[in-house]
Amino acid sequence: MPSSRIQPIPRAFFARKVKRVARDLLGKVLVRQAGGERLTARIVEVEAYLGEKDPAAHAAAGNTARNSVIFGPPGHAYVYFIYGNHYCLNVSCEPEGQAGCVLFRALEPLTGTERMAKARGIELHSPKDLIRLTSGPGRLCAAFCITRSGENGMDLTTDKSSLWIGEDGYKSGQIAVSPRIGITKAAEHPLRYFLAGNPFVSGPKFRAPLDKRV
DNA sequence: ATATCGATTATCT
DNA sequence: GATAATCGATATG
């Protein structure tokens, strides 16, 4: 039953409006080919960052050395370093020249969990420990060994890359929406999308009443 | 369960 | 010089 067949997602999927891509990414799979081993995890929580008009988006600063991937062709990894401690992974969206990206906030581990745990520096004792592996944007990057120097700009639409996004036929259940987490500007917009009830979603266990089903 | 705080650095004002 | 799309530890109810 488990999905052994994972197909890359074509670039056209990412060449659409950020909000649309964000929603459609839920249920897809992030794949890491590390040596002979393959790490896979299902995307359960994302946030949309719009173009230069979105004050919360890095694109608001214009095209700089840091964020140029956002302005480039769709389907590429934008990795940035934050708080002097963590990396965060995004995928560029919209046609080339237009800014926009989706932030990966949480994953549900599928295969390669021992390798993820090692990368995170934790041990897996109970099934609940799986949650701390990839629940959070910084955590999932650590679990997948994603850094700016290594993965920024990588093409995520082909399995020739050591990091890519795939589709395994999984059908998402109910999708919920809430404001984005951890930002101060434009903090009210409902641009965070997640699989309702999924235990691997980051943040408080019980959602605020602002959360809406969609 | 919620709140607060320190870590640590690239980037921008 | 201030800030930041975070995390883990600690404190308190």
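None of these values were measured; they are calculated from a predicted model.
- Rounding to whole angstrom units, CD1 of residue A:I82 and P of B:dT11 are separated by 11 Å.
- Between the side chains of A:T134 and A:E108, not a single donor N or O lies within less than 3.5 Å of an accepting N or O.
- Taking the ring axis of A:F14 as reference, the NZ or CZ atom of A:R16 does not stay both within 45° of it and closer than 6.0 Å to the ring centre.
- Defined by atom type and a distance below 3.5 Å, a donor-acceptor pair is missing between the side-chain atoms of A:D155 and A:T158.
- In the model, A:R38 has no side-chain atom that pairs as donor or acceptor with a side-chain atom of A:T111 under 3.5 Å.
- Remark: DNA chain B takes part in the stems B:1-7 with C:6-12, B:9-12 with C:1-4, each of 3 or more antiparallel Watson-Crick or G-U pairs, criterion distances under 3.5 Å.
- At whole-Å resolution of the value, CZ in A:R148 and C1' in C:dA4 are 15 Å apart.
- Both A:K185 and A:R139 lie near DNA chain C, and the one whose nearest nucleotide falls closer to the 5' end is A:K185.
- Side-chain polar atoms of A:T157 and A:R11 form a donor-acceptor pair below 3.5 angstrom.
- Note: CD1 (A:I181) to P (C:dT6) measures 8 Å, nearest angstrom.
- As a whole-Å value, the separation of A:L133 CG from C:dC7 P is 13 Å.
- Taking 4.0 angstrom as the limit, A:R120 places a side-chain polar atom (N or O) nearer than this to OP1 or OP2 of C:dG8.
- Side-chain atoms of A:Y80 and base atoms of C:dA5 include a donor and an acceptor less than 3.5 Å apart.
- One can place CZ of A:R192 at 11 Å from P of C:dT6, the figure rounded to the nearest angstrom.
- When ring centroids are compared, A:Y80 and A:H58 come within the 6.0 Å threshold.
- Side-chain proximity of A:P137 to C:dA5, B:dT9, C:dC7: nearest is C:dC7.
- The interatomic distance linking A:N67 (CG) with B:dT11 (P) rounds to 10 Å, in whole Å.
- A:Y83 places its OH atom 12 Å from the C1' atom of B:dA7, with the value rounded to the nearest Å.
- The phosphate of C:dC7 has neither OP1 nor OP2 within less than 4.0 Å of any side-chain N or O from A:R132.
- A cation-pi arrangement, defined by a distance under 6.0 Å to the six-membered ring centre and an angle within 45 degrees of its axis, is absent between A:R148 and A:Y87.
- Counting non-hydrogen atoms under 4.0 angstrom, A:G138 reaches the backbone sugars and phosphates but no base.
- Atom pair A:N85:CG and C:dT3:P shows a separation of 18 Å (rounding to whole Å applied).
- With C:dG8, B:dA10, B:dC12 as the candidates, the nucleotide lying closest to the side chain of A:T64 is B:dC12.
- Within 4.0 Å (heavy atoms only), A:R180 reaches no atom of the nucleic acid at all.
- OP1 or OP2 of C:dA4 has at least one side-chain nitrogen or oxygen of A:T184 nearer than 4.0 Å.
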